[in-house]
Novice: 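Structure in structure tokens, see below.
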Protein chains: 2
Amino acid sequence: MNHTLPPAEAYSPRQNAVLESALGLLVEGGERALTTAGVARAANCSKESLYKWFGDRDGLLAAMITFQSSKVKAEPAGSGSTGRGALVAQLTGIAATLLKVLAGDVSLALNRLAIGQAKRGEADLGQLLREHGRRPIETRLSALLESGRRERLLDFADTREAYRTLYGLIVRDMHVRLLLGDSLDGEEPAKRAAQGIKEFFRLYGTEENTGPAPERAGAGNERTG
Amino acid sequence: MNHTLPPAEAYSPRQNAVLESALGLLVEGGERALTTAGVARAANCSKESLYKWFGDRDGLLAAMITFQSSKVKAEPAGSGSTGRGALVAQLTGIAATLLKVLAGDVSLALNRLAIGQAKRGEADLGQLLREHGRRPIETRLSALLESGRRERLLDFADTREAYRTLYGLIVRDMHVRLLLGDSLDGEEPAKRAAQGIKEFFRLYGTEENTGPAPERAGAGNERTG
DNA sequence: GGTGCAGCGTACCGTACGGTACGGTTCCAG
DNA sequence: CTGGAACCGTACCGTACGGTACGCTGCACC
């Protein structure tokens with residue numbers, strides 16, 4: 001009966017439904033709306049069951065994070081094709097997915113929850129969110145970057161550094177802005193992803209692979225004849 | 001007696017001291033520690049005075065944000081010298097300052113507070129924080145970028161886009177990581193700022209100003225024979 | 001049919017917090 | 001000296017929330 005770290009195996013269908021209700025409540029009204037009584041009412045279950053299943057309120061929050069991350073998983077691992085085009089396509093796809101996930105209601109709500117909870121030093125939910133939410137993306141992107149390096153399409157020394165730069169080029173300040181309540185006015189995920197990847201190749205592509213020096217001052221005019 | 005929007009003029013010295021105490025309390029224990037009774041006790045003032053000065057708890061939070069941002073202001077507007085070296089130096093300086101501010105205890109605590117408060121739609125403190133914390137940086141950096149463009153050192157179409165890319169290259173995912181409770185292990189602000197500016201010039205510098213194609217894979221070893 | 005278990009709904013408890021009221025003290029103006 | 005304003009410290013109030021206990025129902029199993 002260790003509730004301190006949520007189990008890796010999934011919860012029961014009933015518990016999944018409860019967690020779904022809780023997530024909806026969180027998305028709708030923020031942390032203040034996520035009371036135990038509120039969750040019980042929204043999910044048509046008793047508070048006693050909540051405490052039996054998740055230990056206490058913090059356990060419920062942790063379960064919500066693991067549950068949500070388990071839903072996002074399971075992607076099509078990418079085709080085995082090689083070459084610059086394939087690499088760009090895969091990177092762009094992951095980048096667009098990343099942007100869409102980060103901008104999603106549930107992700108934002110959970111990040112707000114974990115960040116609001118975090119204090120100097122202790123950061124229980126934050127670590128959980130990093131482990132379940134960010135590390136998978138990092139490993140996938142890093143693997144792709146390194147495969148690109150093996151193909152001599154990319155050139156970098158430190159994978160982690162390259163990954164972070166790529167992340168910065170893709171996400172920029174969008175995430176924090178959204179977390180603070182700003183709206184992404186017209187930031188198209190796919191377009192941003194493509195642009196970020198293009199810029200990344202200009203920085204870390206091998207000489208013949210920095211891509212067509214893309215539209216600079218003229219956004220939409222002649223393409224370098 | 002409109003407490004809804006905090007006054008532009010500074011608060012009285014006594015009130016400043018109270019706000020300072022409140023910030024300390026927030027940094028130390030997070031939002032949960034920031035109770036009206038706790039602030040009153042820490043600042044040796046009465047709750048009644050708190051409510052008289054700041055209206056209610058939200059007014060106190062808003063006052064803390066404006067107060068803190070007012071302390072960060074007042075920087076040496078930059079020398080009037082021109083040329084690529086000066087531009088790089090100024091950009092790097094601002095970038096380093098930005099990183100140091102973002103990683104500061106008080107900034108992190110206030111951002112956590114505003115983010116935790118933010119909900120889908122309503123985001124009272126978030127807007128305040130963006131206005132007082134992020135917009136000044138954006139205007140300063142944007143002005144510098146445009147002056148660089150006038151000098152034909154930089155080449156970009158959309159200032160806001162260029163600014164955001166610059167921001168992404170400098171900050172990357174550091175801010176969110178810190179907000180989630182991660183520690184920046186060995187990320188040197190000055191070094192990161194210089195690296196980010198260098199990369200930005202490789203993307204947006206004019207042809208002769210993309211900088212010396214900097215150390216790529218070989219951080220000290222052979223350069224692409 | 002009987003028995004036990006899982007779970008729902010509700011009532012309940014203790015505490016913590018936002019906000020208000022009040023008495024006492026200091027300080028300044030007249 | 002007197003009046004008042006500002007303010008401190010504390011007590012107080014209502015409410016909301018986390019967590020627990022209890023009675024009831026439905027269901028599986030024997």
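Throughout, protein chains are lettered first and strands after them, A, B, ... in sequence-line order, and every chain is numbered starting at 1. Only heavy atoms go into these numbers, but all of them, side chains included; no hydrogens, no water, no symmetry mates. All values derive from a computational prediction rather than experimental measurement.
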Novice: If I take atom CG in residue B/L34 and atom C1' in nucleotide C/dA16, what distance separates them, rounded to the nearest angstrom?
Specialist: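 From B/L34 CG to C/dA16 C1': 15 Å.
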Novice: Expressed as a whole number of angstroms, how long is the span from B/L61:CG to C/dG18:C1'?
Specialist: 12 Å
Novice: For the pair A/K100 and A/E188, find out whether any cationic side-chain nitrogen is under 4.0 Å from an anionic carboxylate oxygen.
Specialist: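 No.
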Novice: Counting heavy atoms from C-beta on, name the nucleotide in D/dG18, C/dC17, D/dG9 closest to the side chain of A/R57.
Specialist: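 From the listed options, D/dG18 comes nearest.
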Novice: In whole Å, I'd like the distance from the CG atom of A/L50 to the P atom of C/dA6.
Specialist: 16 Å
Novice: Grab the CG-P distance between A/L25 and D/dC17 for me, whole Å please.
Specialist: 11 Å
Novice: Between B/R32 and D/dC17, is there a side-chain N or O to OP1/OP2 distance below 4.0 Å?
Specialist: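 No.
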Novice: Please report the distance, rounded to the nearest Å, between CD in B/E31 and C1' in C/dA16.
Specialist: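 Distance check: B/E31 CD to C/dA16 C1' gives 14 Å.
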Novice: How many Å lie between CG on B/D56 and C1' on C/dT20, as a whole number?
Specialist: 13 Å
Novice: I want to verify a distance call: between D/dG19, D/dA6, D/dC22, whose nearest atom is closest to the A/E48 side chain?
Specialist: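 The nucleotide sitting nearest to the side chain is D/dC22.
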Novice: Which is it for B/Y51 and B/T36 under the side chain to side chain contact (heavy atoms under 4.5 Å, CB included) test, yes or no, and what are the steps along the way?
Specialist: CA-CA 9 Å; B/Y51 284 99; B/T36 55; 3.2 Å; yes
Novice: Assuming nearest nucleotide by heavy-atom distance, tell me which of B/K47 and B/Q15 is located more 5' along DNA chain D.
Specialist: B/Q15
Novice: Can you tell me if B/W53 touches the phosphate of D/dA6, counting only side-chain N or O atoms and a distance under 4.0 Å to OP1 or OP2?
Specialist: no
Novice: Tell me the interatomic distance from A/K52, atom NZ, to C/dG7, atom C1', rounded to whole angstroms.
Specialist: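 That distance rounds to 7 Å.
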Novice: Round to the nearest Å and state the distance from B/Y51 atom OH to D/dC7 atom P.
Specialist: 17 Å
Novice: Counting heavy atoms from C-beta on, name the nucleotide in D/dC8, C/dG7, C/dC17 closest to the side chain of B/T35.
Specialist: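 The closest nucleotide is C/dC17.
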Novice: State which of C/dC8, D/dC7, D/dT20 makes the closest approach to the side chain of A/C45.
Specialist: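 The nucleotide sitting nearest to the side chain is C/dC8.
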Novice: Examine D/dC8: is either OP1 or OP2 under 4.0 Å from a nitrogen or oxygen in the side chain of B/S49? Give yes or no.
Specialist: yes
Novice: Less than 4.0 angstrom between a side-chain N/O of B/T36 and OP1 or OP2 of C/dG18, yes or no?
Specialist: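 Yes, B/T36 has a side-chain N/O under 4.0 Å of OP1/OP2 on C/dG18.
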Novice: Go through B/S46 and B/S49 one step at a time and tell me if the side chain to side chain donor-acceptor pair (under 3.5 Å) criterion holds.
Specialist: CA-CA 5 Å; B/S46 70; B/S49 299; 3.0 Å; yes
Novice: Less than 4.0 angstrom from a charged side-chain N to a carboxylate O is my criterion; do B/R160 and B/E138 meet it?
Specialist: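 Looking at B/R160 and B/E138, the cut-off is met.
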Novice: Would B/R57 and B/E31 pass as an ion pair if we require N to O under 4.0 Å?
Specialist: yes
Novice: Select one nucleotide: of C/dC17, C/dG9, C/dG7, the one nearest the side-chain heavy atoms of A/S46.
Specialist: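 My answer, after comparing the listed nucleotides, is C/dG9.
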